[in-house]
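This report refers to the structure that appears directly beneath it.
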Amino acid sequence: MGNASSMLTQYDIEEVQEHCNYLFSQQEIVALYNRFCQLDRTAKGFISSDEFLSIPEFSLNPLSQRLLKMVDGLNFKDFVAFLSAFSPQATPQQKVELIFKVYDVDGKGRVTFKDLLEVLRDLTGSFMSEEQREKVLGQVLEEAGYSRESSLYLEDFMKVLSKAGLKMEVEVPVD
Amino acid sequence: MNQRVGTDSSPLRFAACESASLPLFATFIGARRRAPPARTHRQIGSQLVGRRILAAMGGLDSSSMETDLDRPNIEEYLTTETIREVPKKLHLSDLLDISPTLTEAAGAIVDDSFTRCFKSNSPEPWNWNIYLFPLWCLGVVVRYGILFPASFSWLVSFSNLISCMFCRVGVLALGWIVFFAAFLPVHFLIRGHDKWRCKIERKLVEMMCSVFVASWTGVIKYHGPRPSRRPQQVFVANHTSMIDFIILEQMTAFAVIMQKHPGWVGFIQKTILESVGCIWFNRTESKDREVVATKIREHTQGVDNNPLLIFPEGTCVNNHYTVMFKKGAFELGCAVCPVAIKYNKIFVDAFWNSKKQSFTTHLAQLMTSWAVVCDVWYLEPQYIRPGEIPIEFAERVRDMISVRAGLKKVPWDGYLKYFRPSPKLTERKQQIFAESVLKRLEEI
């Protein structure tokens, strides 16, 4: 086994760092590589859904299925790029972009009422009825100046969420 | 259980015990996240969820625990301002802002306390320079060539027998021969005098375990009083590998509760371990739990039985952490004697990573290393305190063992290695969020 960072050259680390817009330090990238290798048990070069779901904390998360669609089959470079939105150095715009991508999981470029309903369904499960969910969404959309038929774009997300003050940071454990 | 809800002191005391472990749990979940300064409903909600996860992981009967948890002991967590605060109106930003949930998911991907328990830590390579490398080569020659010669050389000629007697496989092979030569006649021929037969078989098993230990040059230091044979007692220990059992068996013949394994291990389990009185279980069977619980209870009440050894973690952990103890051993109403085992990593990593290697490979690895050095501490027998529930008792004993052996505690159930977490845990998170939305909806 040995030390995994010996398999990553300086050139590799710099390439990954560039790909994630320098949001992680080189030590953090090495630590993420060790973690990637630990999760990718059969050394395929990507982490399968099953391996993600073997992390109990991840499996418990209500949005795990949606996130799985985004992270399944990512190679290490894209894995780091995905996590870069959670770096303390990431801008609020980058964080909002990730949230937008979670809503717009099929990549159409816009978020419809259906997408909003799906995410709310994931978050509330069987504890809210479908009518209640539609009612809540309808009301808050109206209050914000949108309607059920309107699609939300990235700019709309930026506008709505800029006031929220997003706290979306994860610390990478560096040995 | 329901009566306790009514009394004044016990729910708070329970909350105090739970909250002692909840910050630990919260620390593990939250450790990799920058904590935001203001507390929102969601964070309080996730603390409540954390408490529920803790209870659920302990394998409690859900119904009675839920009445305790649903009682508003949240005064401990809510500050006075937030109690007086009216729930705010719901805005689009509240529903679009899924950042707490995403942060939890990303935190789990980056580092989670459960996977850490099963990491085999590779030793730092030390043979990296010109004078250490030849020494290491010499070590390999000695370990593989002299200490562990292939047994076929012993079979080839008897003259080799003497030289091999000083070697591990030879010791082991010889030990097996002597053992079977004595055990089989005793087992099958001495039918009438059962008490004698049991005594002799017990001694033979102890001897066989000593041979095993000698075959990996085991240096084991036992601390504390030697276990005595008494009814109404059960021994619990932390679990790193199947050799834990052999190490403890060397000193006293224990009856053990084990998962049935295939192959030669299963054969040994069937023939030899039956004689010391073992109980079998099967992780994959759901009804298994009650059957096993009954068998354990019967065993502890029998006067002539060997003391029962249970590994409440239910799986092998890497000897740096302890996972949550299953409460089965702690609700028998008898004395629980904790045993702490700690292996010295410098000599060999004794963690049996059952997903990575078979037991035979694991044994071979032990036999080709220099030594297996470990410490065993027999701790003071514990009794369940009045008003203490089995889960709290299990946690208290786990605390003792972790402190003694220098292990860190982790609030996860070891069985998550084999099974996914129950969907009930996700449902509780959903319930908290749904309730907060609905409450704020009424304000609109």
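Naming convention: chains lettered A, B, ... in sequence-line order (proteins, then strands); numbering from 1 in each chain.
Using non-hydrogen atoms only and a strict 4.5 Å limit, no part of residues 71-78 of chain A faces chain B.
For a residue to count as touching a neighbouring chain, one of its non-hydrogen atoms must lie under 4.5 Å from one of that chain's; by this rule A/Phe36 does not touch chain B. Looking at A/Val102, only its side chain comes within 4.5 Å of chain B, counting heavy atoms on both sides. If you measure heavy-atom distances from A/Phe52 to chain B, the contacts under 4.5 Å come from the side chain alone. Proximity to chain B is absent for every atom of A/Val111, based on heavy atoms less than 4.5 angstrom apart. At a 4.5 Å heavy-atom cutoff, the contact between A/Leu123 and chain B is made by backbone and side-chain atoms alike. If you measure heavy-atom distances from A/Lys95 to chain B, you find no contacts under 4.5 Å at all.
Annotation: the span from B/Ile98 atom CD1 to A/Leu166 atom CG amounts to 10.0 Å, rounded to 0.5 Å. Summarising the geometry, atom CD belonging to A/Gln139 is positioned 12.5 Å from atom CG belonging to B/Leu92; distances are rounded to the nearest 0.5 Å. Note: A/Phe86 CZ to B/Thr103 OG1 = 6.0 Å, rounded to the nearest 0.5 Å. Once rounded to the nearest 0.5 Å, the distance linking CZ of A/Arg41 with OG1 of B/Thr115 reads 8.0 Å. B/Ser93 OG to A/Leu161 CG: the interatomic distance, rounded to the nearest 0.5 Å, is 7.0 Å. Rounded to the nearest 0.5 angstrom, A/Leu60 CG and B/Glu104 CD are separated by 9.0 Å.
Closest approach of A/Phe127 to B/Glu427, counting heavy atoms only: CE1-O, 3.0 Å. Between B/Leu102 and A/Ile99, the shortest heavy-atom contact is CD1-CG1, 3.9 Å.
Taking 4.0 Å as the cut-off between side-chain N and carboxylate O, B/Asp97 and A/Lys167 do not count as a salt-bridged pair. Ion pair B/Arg420/A/Asp50 flagged as a salt bridge, since at least one NZ, NE, NH1 or NH2 atom sits closer than 4.0 Å to an Asp/Glu carboxylate oxygen.
For chain B, the option among A/Ser54, A/Ala31, A/Pro62, A/Ser59 with the highest count of heavy-atom pairs below 4.5 Å is A/Pro62. Per-residue counts of heavy-atom pairs under 4.5 Å with chain B were compared for A/Leu141, A/Leu67, A/Leu53; the largest is that of A/Leu53.
The backbone N or O of A/Asp122 lies less than 3.5 Å from a partner atom in the side chain of B/Gln430, making a donor-acceptor pair.
Residues A/Val136 and B/Leu95 are in side-chain contact: their nearest non-hydrogen atoms beyond the backbone lie under 4.5 Å apart. When side chains are defined from C-beta on, B/Leu96 counts as touching A/Leu116, because their heavy atoms get closer than 4.5 Å.
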